[in-house]
Q: 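Take this structure first; my questions come after.
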There are 2 protein chains.
Amino acid sequence: MARAATTADAFNAVAEPLRRDILDALADSERSVGDLVEVLGLGQPQASKHLRVLREVGLVEVREVGRRRLYRTNAQALRPIHEWVSRYEQQWNERFDAVDAVLEELKERES
Amino acid sequence: MARAATTADAFNAVAEPLRRDILDALADSERSVGDLVEVLGLGQPQASKHLRVLREVGLVEVREVGRRRLYRTNAQALRPIHEWVSRYEQQWNERFDAVDAVLEELKERES
DNA sequence: CAAACATATACCCATATCGGCATACGTCAA
DNA sequence: TTGACGTATGCCGATATGGGTATATGTTTG
């Protein structure tokens, strides 16, 4: 047994830079596979494969129009990531506050 | 050439569930490797390896105390993820609003 | 200095991943 | 219906990944 981890969840889907690029490209408008291929400059099969991963974790949805498939983002699927990361938001704010405090300290010492 | 993608960035580091568990375990307090091994129930080498990945992308920092190494999170390194995901926050809110609107519609229709 | 302890590293195996190419599948047009 | 088009899938090769075991490295204690 080996490699138990790489489950197909949103975290993994988004770990691949190209897939983030795809999501970004779909952020404002629906696009066909061909569109994405042209915009992002990757191979058509690669695009289809990445889209499949994104689809399987619910990050994109498809609509069939003639022989084309129009993809769009489903931002909902990003919420688990957002929620997990947000738990740490306070920590980096605290640290900023700490830095601010030190700066304030130095400033006072100057005068 | 193949597999150009898997760069060692925060997105990838966090894609592994165990590494998220490690970060969560370190969220409130500094811990030694042995602590983590005990708390999370994984092998010691595995813990060290995951910690190394986390360290290389800046998600944790170390402090050496005697023969132990105390790890702690550096939430800062999560900001790129937070920022990227946050760009989509509005989209899922919009969608919630749409659902709300439909529900409102149905409610009115009932009365 | 030797032995116990804490952690990191090296190595191996199994498997997942990604890109590239060829091809299958479904749809539209002539 | 046949052929072009748009997209998905299958297969391959190269490589990265994660767990497991053994071991190296550094530190404390006796």
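We name chains A, B, ... by the order of the sequence lines, and we start the count at 1 in each one.
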Q: Taking only side-chain N and O atoms of B:Arg67, does any of them lie within less than 4.0 angstrom of OP1 or OP2 on C:dA4?
A: no
Q: Take the protein atom CD of B:Glu30 and the nucleotide atom C1' of C:dA6, then report the distance between them rounded to whole Å.
A: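 To the nearest whole Å, that distance equals 16 Å.
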Q: B:Arg19 has a side chain; which of C:dT7, D:dG18, C:dC21 sits nearest to it?
A: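 From the listed options, D:dG18 comes nearest.
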Q: Roughly how many Å is it from CD in B:Glu16 to C1' in C:dT17, rounded to a whole number?
A: 14 Å
Q: CG of B:Leu36 versus P of C:dA6: gap in Å, rounded?
A: 14 Å
Q: Rounded to whole angstroms, how far apart are CZ on A:Arg68 and P on C:dA29?
A: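 Between P of C:dA29 and CZ of A:Arg68: 12 Å.
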Q: Could you tell me how the ring of B:His82 sits relative to the ring of A:His82: parallel (under 30°), tilted (30 to 60°) or perpendicular (over 60°)?
A: parallel
Q: We want to know whether B:Tyr88 and A:Asn74 form a side-chain donor-acceptor pair, criterion being a heavy-atom distance below 3.5 angstrom.
A: no
Q: Counting N and O atoms only, with roles assigned by atom type, does the side chain of A:Arg19 sit under 3.5 Å from a partner on the main chain of A:Ala13, one being a donor and the other an acceptor?
A: yes
Q: Find the distance B:Glu56:CD to C:dA8:P and express it as a whole number of Å.
A: 12 Å
Q: Keeping the roles fixed (side chain from A:Arg69, backbone from A:Val62), state whether a donor-acceptor pair exists under 3.5 Å.
A: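 No, because the side chain of A:Arg69 does not come within donor-acceptor range (under 3.5 Å) of the backbone of A:Val62.
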Q: Using a heavy-atom cut-off of 4.0 Å across all strands, would you classify A:Arg55 as base, sugar-phosphate, or nothing?
A: nothing
Q: It should be established whether A:Ser32 places a side-chain nitrogen or oxygen under 4.0 Å from OP1 or OP2 of nucleotide D:dG6.
A: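 No, no such contact exists.
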Q: In this structure, how many angstroms lie between the C1' atom of D:dT7 and the NE2 atom of A:His50, rounded?
A: 16 Å
Q: Measure from CZ on A:Arg69 to P on D:dG6 and round the result to the nearest Å.
A: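 The distance from CZ of A:Arg69 to P of D:dG6 comes to 14 Å, rounded to the nearest Å.
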Q: Using a cut-off of 4.0 Å on non-hydrogen atoms, how would the nucleic acid contact of A:Gly43 be classed: base, sugar-phosphate, or nothing?
A: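 Nothing, no nucleic acid heavy atom in range.
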Q: Which is more 5' along DNA chain C, the nucleotide nearest A:Val53 or the one nearest A:Val65? Just name the residue.
A: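 Of the two residues, A:Val53 wins.
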Q: At less than 3.5 Å, do the side-chain atoms of A:Gln46 and the base atoms of C:dG20 form a donor-acceptor pair?
A: yes
Q: Could I get the full list of side-chain hydrogen bond (donor to acceptor under 3.5 Å, both in side chains) partners for A:Glu30, not counting sequence neighbours?
A: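 For A:Glu30 the side-chain hydrogen bond (donor to acceptor under 3.5 Å, both in side chains) partners, ignoring immediate neighbours, are A:Arg63.
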Q: In whole angstroms, how far is the C1' atom of D:dT17 from the CG atom of B:Leu42?
A: 16 Å
Q: Phosphate oxygens OP1/OP2 of D:dA8: is one of them under 4.0 Å from a side-chain N or O of A:Tyr71?
A: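 For D:dA8, OP1/OP2 do have a side-chain N/O of A:Tyr71 under 4.0 Å.
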Q: So, does the side chain of B:Gln44 form a donor-acceptor pair with the base of C:dA6 at under 3.5 Å?
A: no
